[in-house]
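I have placed the structure first, in the form of structure tokens, so that the comments after it can refer back to it.
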Protein chains: 2
Amino acid sequence: MPTPQGKPSRTPRAPRTPRETDGPKRATVQEVAEAAGVSTATVSRVLNGNYPVATETRRKVEQAVRTLGYVVNAHARALAGSRTRTVGIIVQDIIDPFYTFIAHGVQRQAAEDGKLCLVCSTYGVVGGELDLIDALHEQRADAVILVGGGVDDPAYRRKLADRARALGREGSWLVLCGRPALEDGVPAGVVDYDNTGGAHAITEYLLGLGHRRILYVGGPEQLSVHQARVAGFRRAHASRGLEVDERLIQPGAFSRRFGYERVAQLLRDGSAGEFTAVFGANDGVAVGAMQALREAGLRVPRDVSVVGYDDIPLAAEVTPALTTVHLPLEQMGREAVRLAVALRGESDGPTGTRHVGTHVVIRDSTAPPPAPAP
Amino acid sequence: MPTPQGKPSRTPRAPRTPRETDGPKRATVQEVAEAAGVSTATVSRVLNGNYPVATETRRKVEQAVRTLGYVVNAHARALAGSRTRTVGIIVQDIIDPFYTFIAHGVQRQAAEDGKLCLVCSTYGVVGGELDLIDALHEQRADAVILVGGGVDDPAYRRKLADRARALGREGSWLVLCGRPALEDGVPAGVVDYDNTGGAHAITEYLLGLGHRRILYVGGPEQLSVHQARVAGFRRAHASRGLEVDERLIQPGAFSRRFGYERVAQLLRDGSAGEFTAVFGANDGVAVGAMQALREAGLRVPRDVSVVGYDDIPLAAEVTPALTTVHLPLEQMGREAVRLAVALRGESDGPTGTRHVGTHVVIRDSTAPPPAPAP
DNA sequence: CTGAAAGCGCTTACAG
DNA sequence: CTGAAAGCGCTTACAG
């Protein structure tokens, strides 16, 4: 039983006495060395394969490893060497497909590079990110990948920069994935996808179809992603000399539920005025909006067009299939670990940035607005 | 640049010379101790809070920690102490909702217990599980949680048992989540959900509705989960003295795609005979089947009823909402880490098993079979 | 190609 | 309540 401090209570047994059932006792390099009749240095060298070793010697060591069932201790290795072969990733919520797919990319790339992956979710806890960075720092992760848009106030960015520097001193790297770069000189990489550009492109598509009153729903106001997407939305209007009715911008959560409820409400009370298209801040919001429209007796895309952002699988699976901005989520995850690896190669390299492309995917949820009432 | 062996090449710089930019050099307990004017033992004690320390002493140490920006090295800690405060989880594919939700539960429970989570996916690679268990063993994870049904041949189970014993010697535990227990005496826990019972219950529900020809689609034949579900399907028929037409059992992948393709094909060539209901081996398969039925002009549930298994969110989101067997996925993940923690508390406890409940959720995809053609 | 030895950064009996 | 010292299990210059 753990004590209140969470430490195991002292057992009355003599320490380090192997259990009866232990069988071949847990082996160490020391024991492998003895069994093979060589030094521990030699064992280490055959294990790591990073140094020439005579064939016969190698054979003896491998034999000993096998018969003793030796499994290297990664902690001893990490302490004596320098790399941990571990990357950490911090997301908001692993069950949100946006994060799941990025985490998936991180995991695959890490696996290909022979690294293991520590995944952590903040679940929206304030300061959670910072604590998790610290926890991953304790683990001396080779890289810490922070995914998703962040709150964007100066005090917070300063704290993040401090963490990045602390990590940098350790030879590790903070990689921001989908969040603006920190100030110059801070050792942090960034994997960037163009929120403003994507939002601009899909808004322009809607405008080109003839829509003039587009409702923008969802997205937490403090998040950098949200701000960037709204900026693209506005810029597309501005390029055509159009003004946007502020009532049409309805920030909120990034959830299906929010999309559903807010659109249902606006349809009910009309407080945003009329609209012929809905731009969901992400696919979840858009799908929620579609449901609200359907329940109000409106047809998509005949009466109202709907678009989303991210292109999670759901977007292609709903009916009608959703027009949206495609983000290469898995690739973003892969890019993040590749960047970290590249960065570690440099003795004291500067901040690096990697951009991934984005494009509009036109499916069945968009059409020209209905002809004005006769 | 890594050399071909994957090790960093020697740099010409003198080792351990701090970079100009290092700022407050990476601190160690040693340095914290000096700064605070105490011994390293004392620093360790205030850091771990597991031993009485004078208030004033504690204050000095905490102060030193803060000004030096000290971050404990988890590897040194793991090597000197015994626990790593890390759990490992192995799934087949993190983007499959079944696994995502279990992983989510593992992660939350681990976080609540102050542990970090190493998550690994096999992506269906043969032997992947075994290699990943070894990798997690190297990391000395406090527990290794293996999720999902496994291939069920004796040779494989023997290998698994070997791994479990090796882990056990280390004081760590293998926990099988949704897979049959290993032989007696092997130090492995299991979190069990009743596949046979669930399949029996939902089949019985369909039978009670009047269906007599139910198509069972999907599920890889070698997997223990599949075998258990089919067993439940058969037993439900047997209880009513009904025979099952073997052509109605169509194993295959656990995917939406397979469900779609196989049902489409059977509808085309009629090689399974008639059927009035479809039992998808999991929700994905069931949703694929619904799509195939719809495209063939059949209506669900009016012409054909459809049920699934697992109750992932998709099940409630499709139209019509899917009748299925509910599995408490998140809870299963949580149970797995709780079990591991409990097991570690015991000096040499026996194999433990935890059962989680299962129940049928009736939604809109089921109805009595259509009346026989007039 | 190989070995002896130092050292990585902690924790934990042991002894006050 | 505190400290001196051993030891956890590896890797890596250094020296042949």
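Only heavy atoms go into these numbers, but all of them, side chains included; no hydrogens, no water, no symmetry mates. By convention in this document, chain letters (A, B, ...) are assigned in the order of the sequence lines, proteins followed by strands, and residues within each chain are numbered from 1.
Partners of Arg157(B) by salt bridge (Lys or Arg N to Asp or Glu O under 4.0 Å), not counting sequence neighbours, listed by chain and number: Asp152(B). Residues passing the side chain to side chain donor-acceptor pair (under 3.5 Å) test with Asp131(A): none are found, sequence neighbours excluded. Listed by chain and number, the residues in a side chain to side chain contact (heavy atoms under 4.5 Å, CB included) with Ala164(A) are Leu174(A), Leu182(A), Val186(A), Ala188(A) (sequence neighbours excluded). In terms of the salt bridge (Lys or Arg N to Asp or Glu O under 4.0 Å) criterion, residue partners of Arg354(A) (sequence neighbours excluded) are, by chain and number, Glu335(A). The salt bridge (Lys or Arg N to Asp or Glu O under 4.0 Å) test applied to Glu112(B) returns Arg334(B), not counting sequence neighbours. Not counting sequence neighbours, Arg158(A) has no partner by the salt bridge (Lys or Arg N to Asp or Glu O under 4.0 Å) test.
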(message) Show me the dot-bracket string of DNA chain C, counting Watson-Crick or G-U pairs under 3.5 Å, with | for pairs to another strand and [ ] for crossing ones.
(response) |||.||||||||.|||

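Whole-Å rounding puts the Arg77(A) CZ to dG9(C) C1' distance at 18 Å. Spacing between atom CD of Gln139(B) and atom C1' of dC10(D) amounts to 14 Å, rounded to whole angstrom units. A straight line from CZ of Arg85(B) to P of dC10(C) spans 16 Å, rounded to a whole angstrom. Whole-Å rounding puts the Glu31(B) CD to dC8(C) C1' distance at 13 Å. The distance from atom CG of Leu79(B) to atom C1' of dT12(C) is 13 Å, rounded to the nearest whole Å. If you measure from atom NE2 of His75(A) to atom P of dT11(C), you get 13 Å, rounded to the nearest angstrom. Atom CG of Asn73(B) is separated from atom P of dT11(C) by 10 Å (rounded to the nearest Å). Separating the CZ atom of Arg169(A) from the P atom of dG9(C) is a distance of 15 Å, rounded to the nearest angstrom.
dC1(C) sits 24 Å from dA5(C) when the P atoms are compared, rounded to a whole Å. Taking atom C1' on both nucleotides, dG16(D) is separated from dT12(D) by 16 Å, rounded to a whole Å.
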Can you give me the N/O atom pairs linking the protein to nucleotides 2-6 of chain C at distances under 3.5 Å, or say none if there are none?
{"unit_1": "dT2(C)", "atom_1": "OP1", "unit_2": "Thr57(A)", "atom_2": "OG1", "d": "2.3"}
{"unit_1": "dT2(C)", "atom_1": "OP2", "unit_2": "Ala54(A)", "atom_2": "N", "d": "2.9"}
{"unit_1": "dG3(C)", "atom_1": "OP2", "unit_2": "Ser39(A)", "atom_2": "N", "d": "3.1"}
{"unit_1": "dG3(C)", "atom_1": "OP2", "unit_2": "Ser39(A)", "atom_2": "OG", "d": "3.2"}
{"unit_1": "dG3(C)", "atom_1": "OP2", "unit_2": "Thr42(A)", "atom_2": "OG1", "d": "2.6"}
{"unit_1": "dG3(C)", "atom_1": "N7", "unit_2": "Arg45(A)", "atom_2": "NH2", "d": "2.6"}
{"unit_1": "dG3(C)", "atom_1": "O6", "unit_2": "Arg45(A)", "atom_2": "NH1", "d": "3.3"}
{"unit_1": "dG3(C)", "atom_1": "O6", "unit_2": "Arg45(A)", "atom_2": "NH2", "d": "3.3"}

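Side chain of Asp93(B) to backbone of Tyr123(B): no donor-acceptor contact under 3.5 angstrom is found.
Contact annotation for Val72(A): backbone-only contact, meaning every heavy-atom pair under 4.0 Å involves sugar-phosphate atoms and none involves a base.
Ionic pairing of Asp162(B) and Arg165(B) is present here: one or more N-O contacts between side-chain nitrogen and carboxylate oxygen are shorter than 4.0 angstrom.
The phosphate of dG9(C) (OP1 or OP2) has no side-chain N or O of Thr28(B) nearer than 4.0 angstrom. Within the structure, a side-chain polar atom (N or O) of Asn48(B) is placed less than 4.0 Å from OP1 or OP2 of dT11(C).
Sorted pairs that involve residues 34-49 of chain B and meet salt bridge (charged side-chain N to carboxylate O under 4.0 Å, His left out), not counting sequence neighbours, are lacking altogether.
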